[in-house]
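Heavy atoms only: backbone and side chains are in, while hydrogens, waters and symmetry mates are out.
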Amino acid sequence: MKTQIFIAALFLSGFTFAQEKKSDSVKTQKIEEVVLKKQVFKKQSDRFVYDVAASPVTKGNTTFDLLRQTPLLSATDDKTLKIVGKNNALIYINGRKTNMDAESVTQFLKNTPAENIQKIEVITVPGSEFQVESSDGIINIILKKKMSDGLNGNMRMSNTQNKYNSSSASFSANYRKDKLGISANLYGGENIQAQHYVLRNGNDLSSNESTGNIDDPNQYLGGYLNFDYQLTEKSNLALSWNSSANKSYNSTVNLFNTIRAFDKTTNAFKTSYTNSRNKEDARSYNNSVNLNYELKTDSLGSKLNVNAAYLNYKRFQSTDNKTFLADALGNNTGLSQTINQNLPQIINNFSSTVDYIQKFKNDFTVAVGGNFNKTKTDNDTQNDTYRENPIPPLKAEEHMPNHFIYDENIYGAYLTLEKKFSDKLSGKIGTRYEITNSLGTSDNATEEYKKIERNYNNLLPYLSVNYAINDKNNISYAFSSRMRRPSFWELNPVKNILTENNYTQNNPFVKASSTYNQELTYMFKNSYFLILNHSFFKDVITQVPLQGYAKSMDGKITEQNVLRYIRTNFGDKQEMSAMLGMNKTFFNQYLTMNFNIGIQHNVNNGSLSVDPTNGDIFLDKDGKQIVYSNNIKSTSILIQTNNTIRLDKKKTWFLGVNYFFVDKQQIELGMLRNLSSLDVSLKKNWNDWTFALNLTDVLRTNIVEIEDYQANGNYNYVRNDQFRRGGTFSITYNFGNQKVKKVRNIEGASDDIKSRTR
């Protein structure tokens, strides 16, 4: 829904349990004691390694629950995983990016027993061989290898209650017979995403306040099917298909607007009222197919990996936006304006990747590869406005169709050299070279906006060094350069209308931004760590609030103060952080604690005075041009703690207490006030069944508030309540042979394109 795009601008966001064998023998107890002495959390070369097979937290958890308790990781909304100090976290399985969309990944993690995981790798600064953007990090999940043939799987049902009730269910299965492996997943559910808004903007002579609710009902169905066949002892062939569909009909926006303006003729303020009643129907489909070939070339681990993929994404959206005149009590007194929009988007992508890794006996590794992406997006939009008794120069009807087509070709190649010089010293150096050619065309725009061509080349170096001073102390440094391309929906030049005077505007002129990351890490006793991070963002892609009396290029000036959230490149930004962390068990492993505390310093440096989509400028009450600027620095504290308490000796009852706090900080839209959340969970394992109750945002403190005050007198305030406080009860049943070997997880050639469809 359009409101999801608006919200996005406000934010910085195996399948079986191993059966537990019971034994009271002294011999078994001694073996367990030996295993627990393994290093649970440690630093290796360019990544942190969490050996969950040696951790007591694993028992009775799903992979998603386990990841939330992994050092440096967090999830504030029960579906999105983040790495401390990073914009986003990409999920990899056994070194390969998951060939699933975001919803499927979440379902996969929530339906994968943690007992099947050997270790989790957190790569905070990915090397040149990884296709990531901006300051994204990687979570690499290493599954245990099981050798026997058979069938296994699980079924999961859950019910959630916050403002509304929602339910979901999933079924997963794995089958292996000799050289053939098959994995499949099917999930579905429904929910109503509810939000409450308070929007205020204006100055001392004109203001607009909008309050009300947004309800977005969703029904979704999806899954995947993977075939993996071992051609020879050294080669494999795999075919993967992923599919998802979402329907959101009768999504509504109900906002009561209070408009206050100074009337110079009466020398007094005049107040008027309107109601925004918006209705939207939308549905989307995402299908992708990936063919993979892997060839092992020697016994040291050298291999060739080739992928070819096709991705098809379709979204159909129609909106009916009505503005009613109203009285002070919010009662409609007459229809003022109707805007009908039809906003379809179709994306087709053909992709291919080739990777070759050569390992040598002297602990030297060379990795080389390349990728190609060809994408076409088709956006045939309709925008029809109907006004009741318009005041000239406004017209009774305006029709603004626009057929925007965006073609993009990306060519990439990388080279990475990795060397282990000794047991103490290792390093990696590499670079990625990317060529991007794109062309955007519009059939209903002024001449300067009809054709938008972008051609740019990027050389992206990478360096990391790791030094183990001794058994207790480890230090490492990493540097990387990345770029962040705009998502396809950001380029589609459409308005997403919230009220008559407030809307968001996408922008086909947005160009890719650059990011430079540096990180220094110190680790002590594999339990305590200090991370210093610096990131520099050039040409930041964000939404900028432009408000005032809009003056178009033909000289027309709006009667009312308006607010537009424009998607554009907005100057530069720096983020600096220092994070202290601990991962440790206490009281004979009855308590497992993951605790992080740190400080973050943001430096913003951006300004905008012209609407980049149409050339409009904005005037203040005296007719002077307004410049929106954000040159404010802020320093904030971050605290996160995840605690798991084992309640019985048999390891069947677990209590979880998780808490995070993010101090207020300056972002592009203004000052984001502090956020916090207390989550509590109770879990019971009983044979092949798992029963769990999770309570989120118990104190109801996870509510977004942003305020911005400009030197010219303009102000902007946003309060967004997404009703995060709620409870979820889930039941999971595991069946089948518990020794099934996992199907290879294959990185799809179109994975980096998929992330830009959302």
Side-chain angles (χ1 to χ4, degrees), residues 90 92 95-101 126-134 136 138 236-242 286-295 303-313 345-358 366-378 405-416 430-441 452-462 480-488 490-491 510-514 745-758:
L90 304 178
Y92 277 58
R96 297 291 176 187
K97 191 183 298 182
T98 51
N99 195 20
M100 293 176 273
D101 59 30
S128 302
E129 67 274 22
F130 295 102
Q131 296 182 45
V132 298
E133 297 195 349
S134 189
D136 292 352
I138 290 175
N236 285 73
L237 187 67
L239 180 66
S240 302
W241 172 61
N242 293 270
N286 194 326
N287 287 277
S288 65
V289 179
N290 188 87
L291 182 65
N292 169 264
Y293 174 74
E294 183 179 272
L295 174 65
K303 61 182 179 180
L304 171 70
N305 202 295
V306 182
N307 286 279
Y310 170 70
L311 168 67
N312 177 256
Y313 175 84
Q345 183 175 61
I346 300 175
I347 300 175
N348 286 285
N349 169 260
F350 297 91
S351 310
S352 62
T353 63
V354 178
D355 301 278
Y356 180 70
I357 300 174
Q358 178 65 55
V366 178
V368 62
N371 66 282
F372 169 71
N373 283 294
K374 181 178 181 59
T375 307
K376 180 179 181 179
T377 70
D378 192 327
I405 297 177
Y406 179 76
D407 288 294
E408 179 185 79
N409 294 322
I410 301 174
Y411 309 86
Y414 73 88
L415 173 66
T416 300
T431 188
R432 173 176 285 272
Y433 186 70
E434 295 182 342
I435 301 173
T436 304
N437 300 322
S438 66
L439 175 65
T441 58
I452 306 166
E453 189 172 4
R454 298 244 188 239
N455 298 304
Y456 46 89
N457 305 336
N458 298 88
L459 184 65
L460 309 171
Y462 171 84
S480 76
S481 173
R482 294 290 180 181
M483 59 186 299
R484 192 271 213 204
R485 297 180 183 87
S487 299
F488 299 119
E490 293 176 301
L491 295 169
V510 174
K511 61 182 180 180
S513 64
S514 301
N745 287 270
I746 310 301
E747 175 186 0
S750 62
D751 289 335
D752 56 326
I753 294 297
K754 283 186 178 183
S755 63
R756 297 169 62 200
T757 65
R758 299 185 295 276

Atom pair CD1/CG of Ile435 and Asn457 - distance to nearest 0.5 Å: 5.0 Å
Would Asn287 and Trp241 count as a side chain to side chain contact (heavy atoms under 4.5 Å, CB included) here? Give the steps. CA-CA 7 Å; Asn287 287 277; Trp241 172 61; 3.6 Å; yes
What is the minimum heavy-atom distance between Leu460 and Ser481, and which atoms define it? CB-O, 3.2 Å
If you define the side chain from C-beta out and look only at heavy atoms, does anything of Leu237 sit under 4.5 Å from Leu291? yes
Answer with yes or no whether the side chains of Thr375 and Asn373 bring together a donor and an acceptor at under 3.5 Å. no
Nearest heavy-atom contact between Ser480 and Tyr462 is CB-CD1, 3.7 Å
Determine whether Arg454 and Thr436 satisfy the following criterion, side chain to side chain contact (heavy atoms under 4.5 Å, CB included), listing intermediate values before the conclusion. CA-CA 8 Å; Arg454 298 244 188 239; Thr436 304; over 6 Å; no
Given the options Asn307, Asn236, Asn305, Glu294 meets side chain to side chain donor-acceptor pair (under 3.5 Å) only with Asn305
Measure the shortest side-chain to side-chain distance between Glu490 and Val510 over non-hydrogen atoms and say whether it is less than 4.5 angstrom. no
Just how far is it from atom OG1 of Thr416 to atom CD1 of Ile357, taken to the nearest 0.5 Å? 9.0 Å
Consider only side-chain N and O atoms of Asn290 and Asn292, and report whether a donor and an acceptor are under 3.5 Å apart. no
From OG (Ser352) to CG (Asn371), nearest 0.5 Å: 7.5 Å
Is the backbone of Lys374 close enough, under 3.5 Å, to the side chain of Asn349 for a donor and an acceptor to pair up by distance? yes
Determine whether Tyr433 and Leu415 make a side-chain contact, defined as any pair of heavy atoms from C-beta on separated by less than 4.5 Å. no
Do Tyr411 and Asn437 meet the criterion of a side-chain donor-acceptor pair at a distance under 3.5 Å? no
Can a donor-acceptor pair be found between the side chains of Asn348 and Tyr310 at a distance below 3.5 Å? yes
Exercise: identify the closest heavy-atom pair between Ser128 and Gly430: OG-C, 3.1 Å
What's the spacing between Lys303 NZ and Asp355 CG if we round to 0.5 Å? 9.5 Å
To check you understand the geometry: which heavy-atom pair defines the closest contact between Glu129 and Tyr414, and what is its length? CB-CE1, 3.5 Å
Does the side chain of Val368 reach to within under 4.5 Å of the side chain of Val354, using non-hydrogen atoms? no
When rounded to the nearest 0.5 Å, the distance separating OH of Tyr456 from CE of Met483 is 4.5 Å
Flag the pair Ile410 / Arg485 as yes when at least one side-chain heavy-atom distance between them is below 4.5 Å, and no otherwise. yes
